[in-house]
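What follows is a set of notes on a single structure, which appears directly below.
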Amino acid sequence: MRPKVTLITGANGEVGHGLIRELYAMKDQPPVVVLDIRGLDSHMEPLVDTTIVGDILDENLLDTLMSEYEIEAIFHLAALLSTHSEFRPAAAHRVNVQGTINLLQLAVEQSRWRGEPVKFIFPSSIAVYGMPDLATKAAAAPLEEYAYTMPTTIYGCNKLYCEHLGRYYANHYRQLATTPEESGVDFRCVRFPGLISALTMPTGGTSDYAPEMLHAAAKGEPYESFVRPDTEIPFMAMPDAMKALLSLAAAPRDQLSQLVYNVTSFSLSAEEIATIVQEEFPGAQIGYAPTPGRQNIVDSWPREIDDRAARQDWEWAPDYDAERAFREYLIPTIRQHYQGG
Ligand code: SER
């Protein structure tokens with residue numbers, strides 16, 4: 001018999017590392033199989049059952065997964081982030097969209113064999129929003145899931161479309177078949193704000209000025225922000241991102257009134273982040289050299305998002321407001337990470 005497993009794609013990214021640690025710490029979890037085109041950093045290897053080095057666009061590889069494992073849940077994290085994607089829009093489409101369809105098809109097949117749904121947990125992003133101008137951004141109330149979804153980045157377009165793909169596979173798959181059948185894909189999506197981890201750096205994102213500022217200060221290096229001091233978007237500390245993914249995955253299906261949920265923790269301007277960082281690392285050199293392209297992207301993302309639906313349906317609440325996130329998680333952990341104490 002094929003072993004029952006949880007599959008994580010893009011496992012070597014910063015969300016992947018966080019999730020692997022959390023699943024490892026939890027009891028009674030199925031073995032974790034990870035897939036990443038870069039493999040998995042060696043210090044993470046002991047925390048997973050199997051590492052597969054490979055591409056989510058490789059259909060032969062996905063067929064092999066079919067024959068070797070019974071996959072109960074898929075955390076589909078693999079993606080090219082927003083800045084990287086802008087330089088390679090066609091590649092972004094392949095990885096972010098075709099890759100997601102490939103995994104959704106895998107979930108359909110798995111569900112057929114299992115006779116039970118496969119949970120498909122998908123991280124989306126505030127990049128799905130597109131505020132038309134700064135005045136609108138400044139005046140807007142926290143955005144609900146379906147307001148201003150006019151993204152300006154290919155990454156945002158990809159994520160928004162994948163949210164719809166998830167809805168299609170969950171609710172409308174094979175709607176013209178003589179005997180309509182359910183896909184068996186139990187699609188659940190959280191829309192994250194900018195994520196900040198004390199242990200890892202994101203690669204190729206546009207909200208990266210916040211983690212970059214913090215990590216540079218901890219390393220004693222000067223940093224120039226690529227956005228203006230007044231630039232404000234929502235953020236979340238990595239432990240809360242893990243809490244969101246795992247709480248949504250665990251929620252009873254019949255309590256979920258929608259497939260896509262905003263989650264948020266706190267909104268800060270670049271200058272407010274710099275102030276906290278400089279209080280904790282006196283002498284940290286933080287300057288501003290906004291680059292118009294990346295500035296425009298962050299300006300198109302909302303100041304605040306409304307996560308009431310997540311709070312109502314699956315009792316979402318972040319553990320870390322800005323104060324706790326920086327003073328109790330980010331700064332102490334990052335000090336230890338770089339300075340050994
Ligand atoms: N943090 C992501 C990025 O900057 C947004 O989801 O691309």
Side-chain angles (χ1 to χ4, degrees), residues 9-10 12-19 75-89 91-93 95-97 99-100 121-131 137 143 145 148-163 166 189-215 225-228 231-242 244-245 260-270 273 290-291 293-305 307 318 325 330:
T9 71
N12 207 36
E14 63 165 3
V15 176
H17 278 204
L19 185 62
F75 289 86
H76 176 43
L77 311 180
L80 288 182
L81 286 184
S82 55
T83 293
H84 275 173
S85 291
E86 282 309 295
F87 291 108
R88 308 164 62 208
H93 179 87
V95 174
N96 296 345
V97 176
T100 300
I121 316 301
F122 183 70
S124 185
S125 158
I126 47 162
V128 301
Y129 291 109
M131 306 302 293
K137 171 169 172 166
L143 295 192
E145 277 80 357
Y148 291 108
T149 44
M150 292 286 279
T152 68
T153 61
I154 187 74
Y155 172 78
C157 295
N158 294 161
K159 284 288 184 186
L160 185 60
Y161 178 58
C162 287
E163 292 179 2
C189 170
V190 276
R191 265 197 210 147
F192 282 132
L195 299 180
I196 314 179
S197 165
L199 299 174
T200 43
M201 287 287 291
T203 41
T206 318
S207 57
D208 295 3
Y209 57 92
E212 284 173 2
M213 203 179 266
L214 180 63
H215 283 252
S225 163
F226 56 82
V227 296
R228 292 183 316 267
T231 307
E232 186 173 345
I233 58 168
F235 286 100
M236 180 177 286
M238 195 55 83
D240 273 332
M242 297 305 114
L245 283 178
V260 176
Y261 288 94
N262 283 348
V263 289
T264 190
S265 298
F266 52 86
S267 291
L268 289 179
S269 68
I273 297 172
T291 55
R294 291 178 102 189
Q295 178 72 59
N296 285 342
I297 291 175
V298 186
D299 284 344
S300 78
W301 294 349
R303 232 166 26 86
E304 290 182 290
I305 56 174
D307 61 2
L330 290 167

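None of the values given here were measured: they were computed from a predicted structure. Just follow the structure's listing: the first ligand is 1, and inside any ligand the first atom is 1.
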Can R294 be said to sit on top of Y209's aromatic six-ring, NZ or CZ under 6.0 Å from centre and within 45° of the ring axis? no

Using distance alone, determine whether S82 and ligand 1 share an N or O pair under 3.5 Å. yes

Note the single closest protein heavy atom to atom 2 (C) of ligand 1, along with its residue, its atom name and the distance in Å. S207 OG, 3.9 Å

Nearest neighbour in protein (non-hydrogen) for atom 4 (O) of ligand 1: T206 N, 2.5 Å

Please check if any side-chain donor atom of T100 sits under 3.5 Å from a side-chain acceptor atom of H76, or the reverse. yes

In terms of atom number and element, which parts of ligand 1 are under 4.0 angstrom from non-hydrogen atoms of Y155? 5 (C), 6 (O), 7 (O)

Side chain, backbone, both or neither: which part of W301 has a heavy atom under 4.0 Å from ligand 1? side chain

Are there more than 12 heavy atoms of other residues, nucleotides or ligands under 6.0 Å from atom CE of M201? yes

Protein contact of atom 5 (C) of ligand 1 - nearest heavy atom, named by residue and atom, plus distance: S125 OG, 3.3 Å

For E304 and T264, test the side chains for any donor-to-acceptor distance below 3.5 angstrom and give the result as yes or no. no

What's the shortest heavy-atom distance between C189 and E163, and which atoms? SG-CG, 4.0 Å

